[in-house]
Number of protein chains: 2
Amino acid sequence: MQIGEAARRAGLTVKTVRYYANIGMVSPRQDAATGYRDYGEDDVAKLQFVGKARRFDFSVGECRELLGLYEDRNRPSREVKALTIKKIGEIDARLAELQSLKDELSSLAASCDGDHRPDCPILNALSGG
Amino acid sequence: MQIGEAARRAGLTVKTVRYYANIGMVSPRQDAATGYRDYGEDDVAKLQFVGKARRFDFSVGECRELLGLYEDRNRPSREVKALTIKKIGEIDARLAELQSLKDELSSLAASCDGDHRPDCPILNALSGG
DNA sequence: CTTTACCCTCCCCTTGGTGGAGGGTCTATC
DNA sequence: GATAGACCCTCCACCAAGGGGAGGGTAAAG
C-alpha cells in the first residue's frame, strides 16, 4: 500500500512515516516504476509499534532497540524489561523535578497579591541571590 | 567586566551568555577597541534573573517577558502572577501526563517476568491494537 | 483535457543552546 | 623579541523529532 494509507492505519502523519523510512527505522519496499514507497502489513505493524512506543515516551533510539527486540523471536524478555525499568526511572526523576518546580512556583504565586501595584514577590525571588 | 566573569557570576556558560546577547535578551556594551563585550553589574543581575527563570522552566520568550516586567518599576504584579499561574498549569498538565505514562509502564513491567524466555507482555502490549 | 488526490525530493524552521574551526588580543615569562 | 596560556571574537554545523512548503511527477475520474 502507499504511504498515506500506511500512515492512516498507524495513526501517524505521512511526514513522520517518511522520516522513519529516511532514518532506516521502518524501511518499506520501493515501487521501481513510480518510485513510491510500498508498505506491507508487517511494515504497518512496525509503524504502529513505534507510534505506541513514542507515545510511551521512548526516544527514537530506544524505539529502534525495542523494534529490534520485537523482531527477534528469541530475545530474552529481560532486555525489554530493563529498558522499561530504565524509562520508568527517567520518568520518576522528571516527575520529582517538575513537582518541586511546581511547589516553588505555587508558593511564590501564593505570596503575590497580583494586583495593580508594582511590588511582586515573584520577581523579587527571581532577582534575589 | 568580560564575558567570562559575567558568566561565572551568573552561573551560566560563556556560550549561553553570548547566545543571550545574540538574541537581544541581555545586551552588554561593546568595547570599541577590542570588540569584547563589556558587562556591568546590571547585566549580571539580568543574567542571574534569566538563569533562574530558565531553571523554573520558563521559556526564553517568557524570560524576555519577565525581564521586561522586572525592568519596569511600575509594572502591575498582576501580569507576573498571571505568567506564573499559566506556567503552573502547564507543569500540572505535564505531571498528569507523565504520571499516567508511568502507571501504564509500571503495570507492564510488573507483568513481565524479565527472564531469558522470549515471551514478553511489554512487547505484546506495544504490538497489540 | 483537466481536476483532484496522491506521491516524490529538497531545503529551511523550530528550542536552547553546544562544539569546534580559525583567528585576534593581552599578559607574563624566558 | 619570541612564545605560551588564557582570554576573546565570528561563523558554521549539530542535537531531537519532525513540520511547512516549494516545485514537480503520476494516476484515476469526469
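No hydrogens, no waters, no symmetry mates; every other heavy atom, side chains included, goes into these values. Since we're looking at a predicted model, the values are computed, not measured. Note on naming: letters A, B, ... go to the chains in the order of the sequence lines (proteins, then strands), and numbering restarts at 1 for each one.
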Taken to the nearest whole Å, CG/A/D31 to P/C/dC6 is 18 Å

With a 4.0 Å cut-off on N to O distance, would you call B/E79 and B/R75 a salt bridge? no

Whole-Å distance separating the CG atom of B/L12 from the P atom of C/dT18: 9 Å

For a quick check, with a 4.0 angstrom heavy-atom cut-off, what is the B/S/- contact string for nucleotides 9-16 of chain D, read 5' to 3'? SB------

Atom CZ of B/R8 and atom P of D/dC7: how far apart are they, to the nearest Å? 7 Å

Would you mind checking if A/E41 and A/R9 are paired as a salt bridge, meaning a charged N to carboxylate O distance below 4.0 Å? yes

Phosphate OP1/OP2 of D/dG18: any A/T13 side-chain N/O under 4.0 Å: no

Would you tell me if any nitrogen or oxygen in the side chain of A/Q2 comes within less than 4.0 Å of OP1 or OP2 on C/dC6? no

Check this for me: does any side-chain nitrogen of one of A/K102 and B/D92 sit under 4.0 Å from a carboxylate oxygen of the other? yes

Look at A/E90 together with A/K87 and state whether they make a salt bridge at an N to O cut-off of under 4.0 Å. yes

So, A/D115 and B/R78, do they make that salt bridge, N to O below 4.0 Å? no

Shortest non-hydrogen pair, A/L108 vs A/S111, comes out as O-OG, 2.8 Å

Nearest-nucleotide 5' precedence on DNA chain D, A/Y20 against A/A33: A/Y20

